[in-house]
Amino acid sequence: MTLSVGVIGTGMIGRDHIRRLTQVLSGVKIVAATDIDRGRAEAAVPDGAEVFDTPRALIQSDKVQAIVICSWGPAHEEQLLACIAAGKPVFCEKPMVTSEAAALRVIEAEIASGRRLVQVGFMRRFDADYRRLKAVINGGTLGAPLMYHSVHRNASVPAGLYTSEMPLNDTLVHDADISRWLLSDEITGVEVRLPRRSRQNEELRDPHLVLLHMGSGAIVDVEISVNIAYGYDIRGEVSCELGVAALPNRPATVISDAHGIRQAIPEDWRERFIEAYDQEFREWIAAAAAGTATGPSAWDGYAATLTADAALRAVASGGLERISMIEKPRLYEIPAVLAAEQFGAPFTRAGS
Ligand SMILES: NC(=O)c1ccc[n+]([C@@H]2O[C@H](COP(=O)([O-])OP(=O)(O)OC[C@H]3O[C@@H](n4cnc5c(N)ncnc54)[C@H](O)[C@@H]3O)[C@@H](O)[C@H]2O)c1
Ligand SMILES: O[C@H]1[C@H](O)[C@@H](O)[C@H](O)[C@@H](O)[C@H]1O
């Protein structure tokens, strides 16, 4: 079966996803698109695909079986709710939504629909290096994870479009999600420290040092730098009781010349996570063709939103901001057998 997909939002990542869905992956075709800038959608779609005037018309069209949302965060809620109301599987780029109330509305609608329809674009979970790191932690030979050090550096961010809240409600959401996933834990509190401000972009508060307090007592520190100039640099290291497990450096050609010996650094996320995005969509296509979703869920989108909100409050208060989640609905509990298949054996202490 070939899954017929409609794309909402044909900006930077929307076009990149259209490229992978038309040129890289199989079992899928782009049949429709829409963007508030109609010309942009027309330029982005393959021949034969229809450009709709509104997201609602695209979602309700009989020719569209599943939807990919790549519009701006504040537009996601309405579009997600329309997809759920139409009973169609939907891949939604992060952030899933931009408020706790909106996240709860999405969760409530999905539960009422009776099955998972929403997959959130936390692509790190599909990256082979992160998956190997999680398998090592789950394997238990290093003992319990105590600290996770996460580094999230962007070379630059678009002036005027990327606002001062976005390091915490747009960028940090990836680190929040991967921390929960790697440590199989929930975030219960957030602190933010503001170092000396970078002169790279005087308009923005940058960088941020964020501390995520996990339910188990583990602590995650996250460096968010969005004007680091030299490239897109993502690092991660988990300190456990008996050892340390870290993401490897990315393989890149080693260049030797008059400036020394060096390796190129990815320019942005499209290059660094290219295989992860491909895998994320491979798994989404299979799930959507079966009428459902896989991987990061509306529950994970909700958790990331709560973390972003708490981080913004922590900047204002200067202290520890607690997070309290609703009880996890059964829809979002991964059946144990599936979890073991996906993530390796459940975590056990070494020697136990
Ligand atoms: N997972 C990742 O690593 C990753 C990377 C980049 C962007 N993103 C996310 O993807 C989304 C898009 O980011 P981008 O960088 O492509 O932004 P962008 O500004 O380049 O593109 C967004 C597009 O959506 C359109 N749009 C906005 N609101 C709309 C609406 N209500 N209806 C129809 N079209 C609408 C805009 O006109 C624009 O063309 C954001 O939520 C962003 O956080 C995720
Ligand atoms: O939308 C992008 C994207 O999510 C990237 O992965 C992240 O590094 C950027 O900070 C963010 O602005």
Side-chain angles (χ1 to χ4, degrees), residues 6-20 32-45 51-59 67-82 91-98 119-127 150-178 204 206-208 222-228 231-235 266-281 284 295-296 300-301 304-305 308:
V7 178
I8 301 175
T10 51
M12 186 184 187
I13 197 91
R15 286 195 299 273
D16 198 40
H17 290 336
I18 289 175
R19 177 194 59 76
R20 65 173 39 82
T34 185
D35 195 293
I36 42 178
D37 179 341
R38 190 182 167 93
R40 198 176 290 168
E42 282 167 355
V45 288
V51 172
F52 284 85
D53 286 335
T54 64
R56 192 163 289 277
L58 177 146
I59 292 164
I67 294 98
V68 171
I69 298 179
C70 298
S71 54
W72 298 315
H76 292 175
E77 178 191 359
E78 191 184 341
Q79 297 164 3
L80 279 167
L81 291 176
F91 173 93
C92 180
E93 264 306 345
K94 48 60 61 179
M96 179 180 81
V97 289
T98 48
Q119 181 172 328
V120 182
F122 291 128
M123 75 295 187
R124 291 185 185 186
R125 293 188 186 207
F126 300 87
D127 178 79
S150 190
V151 171
H152 190 159
R153 298 184 181 136
N154 287 196
S156 63
V157 284
L161 289 173
Y162 189 96
T163 61
S164 271
E165 295 186 331
M166 287 173 78
L168 301 176
N169 68 14
D170 184 77
T171 298
L172 174 69
V173 293
H174 286 294
D175 306 274
D177 182 69
I178 206 69
L204 277 185
D206 173 59
H208 290 76
V222 188
E223 174 192 326
I224 302 279
S225 293
V226 295
N227 289 286
I228 203 79
Y232 189 72
D233 194 3
I234 304 296
R235 303 180 190 198
E267 239 176 77
D268 65 31
W269 45 91
R270 287 172 298 187
E271 186 183 343
R272 165 63 181 85
F273 286 112
I274 188 165
E275 296 98 351
Y277 293 121
D278 289 349
Q279 186 60 22
E280 169 184 62
F281 274 98
W284 178 70
D300 300 309
T305 302

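Read the numbers this way: they start at 1 and go in the same order the structure lists the ligands and their atoms.
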Ion pair [X]/[Y], N-O distance below 4.0 Å:
X: D127; Y: R124; answer: no
X: R272; Y: D233; answer: no
X: D300; Y: R125; answer: yes

May I ask you to check if ligand 2 and W269 share an N or O to N or O distance below 3.5 Å?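 No: no nitrogen or oxygen of W269 is under 3.5 Å from one in ligand 2.
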Could you establish whether H152 and ligand 2 come within less than 4.0 Å of each other, counting only heavy atoms on the residue side? yes
Does ligand 2 have an atom under 4.0 Å from some heavy atom of F273? no
If you look at every heavy atom in M123 and H174, which pair is closest and at what distance? SD-CE1, 3.5 Å
Knowing that exactly one of I59, V7, L80 qualifies, which makes a side chain to side chain contact (heavy atoms under 4.5 Å, CB included) with I69? L80
Nearest protein heavy-atom contact for [atom]: which residue, which atom, what distance?
atom: atom 6 (O) of ligand 2; value: Y232 OH, 3.0 Å
atom: atom 9 (C) of ligand 2; value: N154 OD1, 3.1 Å
atom: atom 11 (C) of ligand 2; value: D170 OD2, 3.2 Å
atom: atom 1 (O) of ligand 2; value: K94 NZ, 2.9 Å

For E223, does the CD atom sit with more than 12 other heavy atoms under 6.0 Å from it, leaving out its own atoms? yes
Tell me whether the count of non-hydrogen atoms from other residues, nucleotides or ligands lying under 6.0 Å of CD in E271 goes above 12. yes
Quick check for students: name every N or O atom pair between ligand 1 and the protein closer than 3.5 Å, with distances.
from: ligand 1; atom 1: 1 (N); to: E93; atom 2: OE1; distance (Å): 2.9
from: ligand 1; atom 1: 1 (N); to: G121; atom 2: O; distance (Å): 3.4
from: ligand 1; atom 1: 3 (O); to: Y277; atom 2: OH; distance (Å): 2.6
from: ligand 1; atom 1: 16 (O); to: M12; atom 2: N; distance (Å): 3.2
from: ligand 1; atom 1: 16 (O); to: I13; atom 2: N; distance (Å): 2.9
from: ligand 1; atom 1: 19 (O); to: W72; atom 2: NE1; distance (Å): 2.7
from: ligand 1; atom 1: 20 (O); to: M12; atom 2: N; distance (Å): 2.9
from: ligand 1; atom 1: 31 (N); to: Q79; atom 2: NE2; distance (Å): 3.3
from: ligand 1; atom 1: 34 (N); to: I36; atom 2: N; distance (Å): 3.2
from: ligand 1; atom 1: 37 (O); to: D35; atom 2: OD1; distance (Å): 2.6
from: ligand 1; atom 1: 39 (O); to: D35; atom 2: OD1; distance (Å): 3.3
from: ligand 1; atom 1: 39 (O); to: D35; atom 2: OD2; distance (Å): 2.6
from: ligand 1; atom 1: 39 (O); to: R40; atom 2: NH1; distance (Å): 2.5
from: ligand 1; atom 1: 41 (O); to: S71; atom 2: O; distance (Å): 3.4
from: ligand 1; atom 1: 41 (O); to: K94; atom 2: O; distance (Å): 2.8
from: ligand 1; atom 1: 43 (O); to: K94; atom 2: O; distance (Å): 2.9
from: ligand 1; atom 1: 43 (O); to: K94; atom 2: NZ; distance (Å): 2.8
from: ligand 1; atom 1: 43 (O); to: D170; atom 2: OD1; distance (Å): 3.2

Interfacing atoms of ligand 2 (cut-off 4.0 Å, heavy-atom, Y162):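 Taking each heavy atom of Y162 in turn, ligand 2 has 12 (O) under 4.0 Å.
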Which of the atoms in ligand 2, numbered in the order shown and given with their element, are less than 4.0 Å from a heavy-atom of H174?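 Per the distance check, 3 (C), 4 (O), 5 (C), 6 (O).
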Donor + acceptor pair across side chains of Y162, T171 (<3.5 Å):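 Looking only at side-chain atoms, T171 and Y162 do form a donor-acceptor pair, the distance falling under 3.5 Å.
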V173 vs F122, test: side chain to side chain contact (heavy atoms under 4.5 Å, CB included). Steps then yes/no. CA-CA 9 Å; V173 293; F122 291 128; 4.1 Å; yes
My understanding is that only residues two or more places apart in sequence, or in another chain, count here; which of them pass ring-ring contact (aromatic ring centres under 6.0 Å, His included) with F273? none
